[in-house]
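One structure is given here, and the rest of the page talks about it.
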Amino acid sequence: AKAHVVVVGGGSGGATTARYLKQFSPDMMVTLIEPNATYVTCYGSNWVIGGFESMDAITHGYDNLRDRDGIDVIEDKVVGVDADSRTVRLESGDSLQYDKLVMSPGIDFKYDDMPGIEEADAETIPHAWKAGSQTELLRSQLLEMPNGGVFVMVAPPNPFRCPPGPYERVSLIAHYLKEHKPRSKIIVLDAKDNFSKQGLFEEGWEMHYGDMIEWRAASDGGLVEEIDVGEMTARADSGFERVRADVMNFIPAQRAGQIAHDVGLTNDEGWVPVDQRTFKSEMDDNIYVLGDASVAGAMPKSGHSANNQGKIVAAAIVRELMDQEPLDPSSANTCYSLITPEHGISVAAVYKYQDGAQAGVEGSGGVSPSGETSSFRAREAAYTQAWYAGITQDIWG
Ligand code: FAD
């Protein structure tokens, strides 16, 4: 009989895995289960929030995976897995049997870690850390914010999806406010003392936005201990100061997507430990977990990482089914960020499976140089757009 692989989640990691399984092994039966008819990328969602990209441009469908690649794409949600009988249960009541199961469910949030706010409050204080209606909500709140208003971001502790993402977001909100509401202010209350590409962001903020963006480190009054949703305030650990927001963006601490917990694949920190050579779960021999949900050594939680891991998983499954030894995979990540639509910066790295983990290759990658010319930054902004076109074509195109 043909092998059947079921993939949970049609995001960056899952859709890549499904597509590459079919490419490496056209006879394989591949089923992709995703509750949403379309996928809105988080990458590019800060461009929408900044007002210079449309939701349409960051929304992707599954027609090509279905019609061209021959993947059985089912619009449903996985609600349980029985590992012994290798069966997944769907919300609709159906169930499916698999030979190998792949899960790339992304993240969920630890609202319990922040007193005063719960998941339902995301309707008034959006996280916008999963793209779609949350992106539109934050955008519309910015449109309604008065000139002279205060935008407050509460930035998450490590580890979280997209390390430079919060700082790209405030950059592009500043881009919008500078043009339309120039008396406004942005305050970032951070659970950390430093962040990805910090020097490059701060250089760009000073150059383009003067003192519009104020970033407070955790140890310098930035660590928020409580949010008052009704009052729209955040109380930082200095104890007495409550920061009042006209628009608040609370990005909670994160953990692996709920289904990974339900299936019993997570560790005490809430993430999924895997054999980083193949991304096979440490808890189950027939389940592979990749993307943001997994513990992936030096690889950051990014769409680019998830896409590379999807190819690693596809190759590992095809080889295992043919009784071949797994490869020692090499992969890469680049995270581009825009500070204005014409000012791009990046961080890149190459990874190799070594000594039991995905480790950075010495001498590879790095960040954009500081003090560069505007034409250099404009080229990186163009590469950012090209990266988006390339990766979305590879995954859903
Ligand atoms: P996701 O892409 O989130 O996919 C998970 C999928 O699983 C979803 O479609 C979900 O519906 C589905 N799912 C969940 N549970 C179930 C279930 N029970 N049954 C069926 N399906 C289920 N990365 C970059 O590389 N570059 C960037 O510039 C970049 N910018 C970003 C900006 C922002 C603001 C944010 C928030 C993130 C950004 N990222 C970027 C990170 C990137 O979006 C994620 O790292 C990436 O999407 C992770 O892929 P994934 O497959 O793990 O999860």
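All of these numbers come straight from a predicted model, not from anything done at the bench. Order of listing sets the numbers, starting from 1, for every ligand and every atom in it. The basis for the numbers below is simple: all heavy atoms, side chains too, and nothing from hydrogens, waters or symmetry mates.
A parallel orientation is assigned to the rings of Phe195 and Tyr167, their planes being inclined by less than 30° (bins at 30° and 60°).
By the criterion of side-chain heavy atoms lying less than 4.5 angstrom apart, applied directly or through intervening Ile, Leu, Val, Met, Phe, Trp or Tyr residues, Tyr288 is not grouped with Trp271; the two fall into different hydrophobic clusters.
Residue pairs meeting the side chain to side chain donor-acceptor pair (under 3.5 Å) criterion with at least one partner in residues 105-115, sequence neighbours excluded, are Asp108-Lys130. The ring-ring contact (aromatic ring centres under 6.0 Å, His included) analysis of residues 116-138, with sequence neighbours excluded, yields the pairs Phe109-His127.
Around atom CD of Glu206, no more than 12 heavy atoms belonging to other residues, nucleotides or ligands sit under 6.0 Å away.
Sorted by chain then number, the residues whose non-hydrogen atoms approach ligand 1 to under 4.0 Å are Val8, Gly9, Gly11, Ser12, Gly13, Ile33, Glu34, Pro35, Asn36, Tyr39, Cys42, Tyr43, Ser45, Asn46, Lys77, Val78, Ser104, Pro105, Gly106, Trp129, Arg161, Cys162, Arg169, Ile259, Gly291, Asp292, Lys301, Ser302, Gly303, His304, Ala306, Tyr336, Trp387.
Taking Ser370 as the reference, Leu200, Glu203 meet the side-chain contact (heavy atoms from CB on, under 4.5 Å) condition, with sequence neighbours excluded.
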